[in-house]
Amino acid sequence: MASMAVQLLGFFLGLLGFAGTVVATLLPHWRSTAYVGSNIITATSYMKGLWMECVWHSTGIYQCEVYRSLLALPRDLQAARALMVLSCVTSVLACVVSVMGMKCTRFARGSLVKSPLALSGAIGFLCAGLLCLVTVSWTTNDVIMDFYDPFLPSGLKYEIGLAVYLGYASACLSLTGGLVLCWSSGVDRSRSPLHLPRNQPSSPPPAFNHIYPPAPLYKPPDALRDNRAPSLCSLASSGYRLNNYV
């Protein structure tokens, strides 16, 4: 029962990480206008995302424009798109495989495939979290390098947007969920019958002589014996004489 609760906890953490990754991918708040130096005009605010660029006016008007050309985008933006989409797809596959491998579902109940399926889902959550973490870390590095570039005009400098922080949180949730599922799967595998130590025989089997003792020595009846002492012409020294049998 405790293992089932741990699996549910890991699955819901991974599911929250997946939802946060999708929201962070769609939001345009990856980069926001930085108000530094002489750029103190706050009438408009510019925001850039993976799919669109938005402008917010002080009058409350919010306008967005989707990037129309994929090849005209910078390479870092194209790579960020691909990594975030791959992270979302990996999270979907991890959710499906984890549901099939959890103990609370009826799929392959009582089979040895349950634990490997849960472990595969955990690895999927870990990969999705790593992909998201690489993307947001890359974007953070680019924003910081541009911000401290002295040759870049102040109007072209941006700050880290809210979507990047959401990406960090989503990556941490996905990684935590994957680690929890891995731990629960490892516990289940250690308790499976295939991993239990086999009982070794404590002592070797008894010898053949102990089971079947040797037959007693043959002793002829006293009626066949001769009362006289054995002579030299006897057949053997056991007390029998040849005259008794001829």
Side-chain angles (χ1 to χ4, degrees), residues 14-97 123-178:
L15 192 61
L16 288 176
F18 164 62
T21 303
V22 172
V23 174
T25 304
L26 298 178
L27 283 179
H29 301 80
W30 283 70
R31 303 185 183 191
S32 58
T33 305
Y35 300 100
V36 293
S38 59
N39 187 21
I40 58 175
I41 301 175
T42 58
T44 57
S45 178
Y46 296 93
M47 291 162 288
K48 289 185 177 182
L50 300 179
W51 310 96
M52 64 187 72
E53 183 177 359
C54 299
V55 179
W56 178 84
H57 300 275
S58 59
T59 56
I61 300 176
Y62 199 83
Q63 297 177 346
C64 293
E65 183 180 0
V66 181
Y67 301 131
R68 297 182 179 179
S69 177
L70 177 62
L71 299 179
L73 296 176
R75 294 184 178 180
D76 57 346
L77 186 57
Q78 296 180 11
R81 276 186 175 186
L83 290 176
M84 292 301 290
V85 171
L86 187 59
S87 176
C88 294
V89 173
T90 307
S91 295
V92 171
L93 296 178
C95 290
V96 174
V97 176
I123 295 175
F125 279 125
L126 291 176
C127 294
L130 289 177
L131 290 173
C132 182
L133 185 61
V134 167
T135 307
V136 294
S137 300
W138 190 357
T139 303
T140 302
N141 179 70
D142 290 343
V143 171
I144 293 176
M145 294 297 292
D146 293 341
F147 186 84
Y148 289 105
D149 188 1
F151 301 101
L152 190 67
S154 301
L156 299 178
K157 293 183 178 181
Y158 291 90
E159 292 182 354
I160 301 173
L162 296 178
V164 176
Y165 295 109
L166 181 59
Y168 277 116
S170 303
C172 292
L173 288 174
S174 298
L175 291 174
T176 306

Visitor: What residues, two or more places apart in sequence or in another chain, satisfy side chain to side chain contact (heavy atoms under 4.5 Å, CB included) together with L175?
Guide: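 Side chain to side chain contact (heavy atoms under 4.5 Å, CB included) list for L175, sorted by chain: L126, L130, L133.
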
Visitor: Once you round to the nearest 0.5 Å, how far does CG of L86 lie from CE of M84?
Guide: 10.5 Å

Visitor: Hey, could you give me the CZ/OG1 distance between F125 and T90, rounded to the nearest 0.5 Å?
Guide: 10.5 Å

Visitor: Which distance, rounded to the nearest 0.5 Å, do you find between the CG of L173 and the OG of S91?
Guide: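 Those atoms lie 11.0 Å apart.
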
Visitor: Below 3.5 Å, can you tabulate the donor-acceptor pairs from side chains in residues 15-31 to any protein atom, sequence neighbours excluded?
Guide:
{"unit_1": "T21", "atom_1": "OG1", "unit_2": "G17", "atom_2": "O", "d": "2.7"}
{"unit_1": "T25", "atom_1": "OG1", "unit_2": "T21", "atom_2": "O", "d": "2.6"}
{"unit_1": "H29", "atom_1": "NE2", "unit_2": "Y62", "atom_2": "OH", "d": "3.4"}
{"unit_1": "W30", "atom_1": "NE1", "unit_2": "A24", "atom_2": "O", "d": "2.8"}
{"unit_1": "W30", "atom_1": "NE1", "unit_2": "L27", "atom_2": "O", "d": "3.4"}

Visitor: Can you pull the disulfide (SG to SG under 2.5 Å) pairs that have at least one residue in residues 131-174, sequence neighbours excluded?
Guide: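 Sorted result for residues 131-174: empty, none.
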
Visitor: To the nearest 0.5 Å, how far apart are CG in L131 and OG1 in T135?
Guide: 6.5 Å

Visitor: What do you reckon, is OH of Y158 surrounded by more than 12 foreign heavy atoms closer than 6.0 Å?
Guide: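 Yes, OH of Y158 has more than 12 neighbouring heavy atoms, counting only those of other groups under 6.0 Å.
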
Visitor: In Å and rounded to the nearest 0.5 Å, what is the CD to CG distance from E159 to D146?
Guide: 13.0 Å

Visitor: Go through the steps to decide whether W51 and R81 satisfy the test side-chain contact (heavy atoms from CB on, under 4.5 Å), and finish with yes or no.
Guide: CA-CA 8 Å; W51 310 96; R81 276 186 175 186; 3.5 Å; yes

Visitor: For Y46, does its backbone N or O pair with a side-chain atom of T33 as donor and acceptor, under 3.5 Å?
Guide: yes

Visitor: With a 4.5 Å cut-off on side-chain heavy atoms, are K157 and L152 touching?
Guide: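 In short, these two side chains touch, coming nearer than 4.5 Å.
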
Visitor: Any side-chain heavy atom of T140 sitting closer than 4.5 Å to one from Y168?
Guide: yes

Visitor: Which value, rounded to the nearest 0.5 Å, describes the distance between H57 atom NE2 and S45 atom OG?
Guide: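 Nearest 0.5 Å value for the NE2-OG distance: 10.0 Å.
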
Visitor: Evaluate the side-chain proximity of E53 to E65: yes if any heavy-atom separation is below 4.5 Å, no if none is.
Guide: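 The answer is no; the side chains never approach within 4.5 Å.
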
Visitor: Do C127 and I123 have side chains that approach each other closer than 4.5 Å (heavy atoms only, starting at C-beta)?
Guide: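 A side-chain contact under 4.5 Å exists here.
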
Visitor: Among residues two or more places apart or on two chains, list those pairs meeting disulfide (SG to SG under 2.5 Å) that have a residue in residues 44-74.
Guide: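 Sorted result for residues 44-74: C54-C64.
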
Visitor: What residues form a side chain to side chain contact (heavy atoms under 4.5 Å, CB included) with V96, not counting sequence neighbours?
Guide: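 M100.
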
Visitor: Can you list, pair by pair, the side-chain donor-acceptor contacts under 3.5 Å of residues 66-74, counting residues two or more places apart and other chains?
Guide:
{"unit_1": "Y67", "atom_1": "OH", "unit_2": "G49", "atom_2": "O", "d": "3.4"}
{"unit_1": "Y67", "atom_1": "OH", "unit_2": "M52", "atom_2": "O", "d": "3.4"}
{"unit_1": "S69", "atom_1": "OG", "unit_2": "A72", "atom_2": "N", "d": "3.3"}

